[in-house]
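Accompanying notes for the structure given below.
Being a predicted model, the structure only gives us computed values, none of them experimental. In what follows, every chain begins at residue 1, and chains take the letters A, B, ... in the order their sequences are listed.
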Number of protein chains: 4
Amino acid sequence: MSDSIRPPARQRRKEARPQELTAAALSLFVEKGFAATRLDDIAERAGVSKGTLYLYFESKDALFKAVIQEGIVSALHAGEALFDEYDDPLDLLRTILQGWWDRIGNTELGGIPKLMMSEARNFPDVAAYYQQEVLQRGTALLRKAVMRGIERGVFRQVDADAICSVLIAPLVYRAMWRQSFGPACGQETDTAQYLRTYFDLILNGLLTGVSGGAAR
Amino acid sequence: MSDSIRPPARQRRKEARPQELTAAALSLFVEKGFAATRLDDIAERAGVSKGTLYLYFESKDALFKAVIQEGIVSALHAGEALFDEYDDPLDLLRTILQGWWDRIGNTELGGIPKLMMSEARNFPDVAAYYQQEVLQRGTALLRKAVMRGIERGVFRQVDADAICSVLIAPLVYRAMWRQSFGPACGQETDTAQYLRTYFDLILNGLLTGVSGGAAR
Amino acid sequence: MSDSIRPPARQRRKEARPQELTAAALSLFVEKGFAATRLDDIAERAGVSKGTLYLYFESKDALFKAVIQEGIVSALHAGEALFDEYDDPLDLLRTILQGWWDRIGNTELGGIPKLMMSEARNFPDVAAYYQQEVLQRGTALLRKAVMRGIERGVFRQVDADAICSVLIAPLVYRAMWRQSFGPACGQETDTAQYLRTYFDLILNGLLTGVSGGAAR
Amino acid sequence: MSDSIRPPARQRRKEARPQELTAAALSLFVEKGFAATRLDDIAERAGVSKGTLYLYFESKDALFKAVIQEGIVSALHAGEALFDEYDDPLDLLRTILQGWWDRIGNTELGGIPKLMMSEARNFPDVAAYYQQEVLQRGTALLRKAVMRGIERGVFRQVDADAICSVLIAPLVYRAMWRQSFGPACGQETDTAQYLRTYFDLILNGLLTGVSGGAAR
DNA sequence: AATGAATGAGTTTTCATTCAT
DNA sequence: AATGAATGAAAACTCATTCAT
């Protein structure tokens, strides 16, 4: 509707289209679920006509896959910055987890886990891909931090694979909560307290008896 | 199909029908989501005709609500047995959490959290009810155990409300996982290890320095 | 449900059933139309179960036909008393028309014309039968009175066939009105005035100039 | 939206669609009644697919209301031309009544009264609207002609309100008849005679003794 | 590239009819 | 004779997809 004046405007628009569309689709898929979201609604939210969607995506399924793909790429991109910046295992672990929350769980990207969990069995191939590219990778990253802590005797001897799943669960769960019950309950407020308590619990749970008050 | 000894067969059927139907609906709703589940499929799985569903539920929405209601009732029933059997806060907490897993998370009832999370924003009234009757109640139960532990100096001073949400998260998350990614990945196997690690982490995280090896 | 005490009770019930059913059906067919009336509703109004209807009528169509048949028989029965009781053509005509209103138009039977008109094209055979047995007969009766009046010079020379249709129209139309718009509008009240004006008009219209004030 | 000079073919279609659809619906509703008419049939008669109906009307009920609305608008439009063209009360009255027959009763619009009467109790709000906008208005128009005749001493002293209902009844009844029994009986032919006799009767019935042969 | 009217297959819902009790 | 649970064919309604413009 409002393309005008500067030539770059249209150009930029054209190239940005797919992401505008997947962004609109993501928010609706997360809100209503894949099947309950109508292409009309996505088109409307994106400010285009329904037919336009088919210029960029072959089908509703293809759009879903693009949404997830887009989300994964963004997430990995958001995650890259976290590697190897800290030497101290405690700081590293805390940074990774807090970073996940800040850059994924607490952003629009935080809808992806909810969406993926809801639709996993309807899109097994996408689920497998997600599992591999996101969950595995994320776990591997965490694992390095945990292993380092154990090796240095800062962390207790725990099963490294299992602990990664346990550690991330409260964060992912909270992210999913925000996307489902959150909008109804106004309980967004005590998220800070939730995170503080979370870190207090897991760091005390991980650390060897040496240091008492690990979390703050 | 199964006519036998006493109850008039037809009679028994009539009374058992609603639960047969909600059971069939639950498994399909959990698997595919509400919108993607066809009433035909539910009817087929329950071994009745499509019309029969409307004898017991006036719409697909009403069926959804009945499924949740049924699930909540069952869950509360399953939860009742856990109260006040133990004096030791540690045992009590462990029993509650393990009990949740054994009687809910690890059974068909474990699908309810996934379903409810997926559909919360499509059924805000049901979500509010669920939030109140299940989540609040469950939290209150946990809270009692935590408080007792803190009062006796067995648990560290933590925010009782927040810790409850954090403590239950890994279990609920795991239950939801079983219903989504689980069927594809064969990773059900290490659930025992997951639980062991989970208890090890949280109990070490909760206990005061006094006793070293809380988890086993 | 309520069979008891005296043997005749059940007996009478049994024989009266068909009419109880057609009576219930008539009122609902007239109210909602044939297609929009559910057998459940008819059964409920008649105080029997849906299955019972099929003990007496082969199908919904058969029930419709029975309703009309029943209505026609009653109407003819109601009409029989009107013949040849008066010698004076004016009185005879007035008696016939007023009699039709009192015994048909203004009773439950008055719903038949509305029903028949609504459904004529869905039940051509019934319509033909109705046309022949009711409309033709009624017209023939009226015709005799009109002819007598013309022959005696009391009525003007008019087309006997056409005038019969014209004369009955305001009464039938009013009867149909009562069954459709009537219940909503409270205008039932001025029916007396309607009839008075009707008779005033048609009798003045029919009579030769001889007598001035025919209607009252 | 509106580029270019005259009608871009597609464009014209789009605007004409609603009326094409209501026209198809009207004829089928009149023939079979509302409930017995399938949307498939309407679509087929209009030469569109079933889905197209929902592009223009949000439900079958809404379509019904549009049909009536459309019919009323057309009828009022058809009726406008009749006002105040004649000074002589006799000519005016005759013109109004004959005009109703020619422009409404004897056209497709003549189905509206039958349809409305059949469905009045299923659509009370529509019936009330029809009652007010059509029947009241029409009556008011007639009333003016009657009053003028009475004031000038051309018509006898009659109840103006009641006479209007009585006068119009044979015409409306005949119009409804054409839509119901008519198609079966071939009696369309003597409509001319019916009208002649009708006018002969009512005009003689209305006029003061002065002039003898009012109708022709 | 973009539109949005049109489609028709697919889904929910209704209800006449059947039949075991 | 009577019931009412169960059925399934048919109807209303939805929406992903197509295509003329």
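- Residue order along DNA chain E, read from the 5' end via each residue's closest nucleotide, puts G51(D) first among E58(C) and G51(D).
- Between K32(C) and D41(C), none of the side-chain N atoms (NZ, or NE/NH1/NH2) sits under 4.0 Å from a carboxylate O, so this pair counts as no salt bridge.
- Following rounding to the nearest Å, F34(A) (CZ) and dC15(F) (P) show an atom-to-atom distance of 13 Å.
- Between the P atom of dT3(F) and the CG atom of D40(C) lies a distance of 13 Å, rounded to the nearest Å.
- For the pair T52(D) and dT7(E), the criterion of a side-chain N or O lying under 4.0 Å from OP1 or OP2 is met.
- To the nearest angstrom, P of dA2(E) lies 18 Å from CD of E44(A).
- At least one side-chain heavy atom of Y130(C) sits under 4.5 Å from a side-chain heavy atom of I112(C).
- Nearest-nucleotide assignment on DNA chain F puts the 5′-proximal partner with L53(C), out of L53(C) and A36(A).
- Across every strand in view, dA16(F) sits in a pair with dT7(E) that passes the Watson-Crick or G-U test at under 3.5 angstrom.
- In this structure, the CG atom of L21(A) is 12 Å from the C1' atom of dA2(E), given to the nearest Å.
- An OP1 or OP2 oxygen of dG4(E) is reached within less than 4.0 angstrom by no side-chain nitrogen or oxygen of K50(A).
- When rounded to the nearest whole Å, the span between CZ of F57(C) and C1' of dA2(F) equals 15 Å.
- The side chain of R17(A) contributes no N or O atom lying less than 4.0 Å from OP1 or OP2 of dA1(E).
- Side-chain N/O atoms of Y56(B) include one lying less than 4.0 angstrom from OP1 or OP2 on dA6(F).
- Across the strands present, dT21(E) finds its partner in dA2(F); the criterion is a Watson-Crick or G-U wobble pair with both atom distances under 3.5 angstrom.
- Regarding contacts with the backbone of dT13(E), a side-chain N or O of Y54(B) is found under 4.0 angstrom from either OP1 or OP2.
- Base engagement by L55(A) is indicated by at least one non-hydrogen atom pair under 4.0 Å involving a base atom.
- Aromatic ring centroids of F34(B) and F123(B) lie under 6.0 Å apart.
- Defined by atom type and a distance below 3.5 Å, a donor-acceptor pair is present between the side-chain atoms of R45(A) and S27(A).
- Minimum atom distance to the side chain of S49(A) is reached by dG4(E), of the listed dA1(F), dG4(E), dA6(E).
- When rounded to the nearest whole Å, the span between CG of D41(D) and P of dA11(F) equals 8 Å.
- Rounded to the nearest 0.5 angstrom, I42(D) CD1 and K60(D) NZ are separated by 6.5 Å.
- Nucleotide dT12(E) holds its P atom 4 Å from the NZ atom of K60(B), rounded to whole Å.
- When the P atom of dT11(E) is taken as reference, atom NZ of K32(B) falls 10 Å away, rounded to whole Å.
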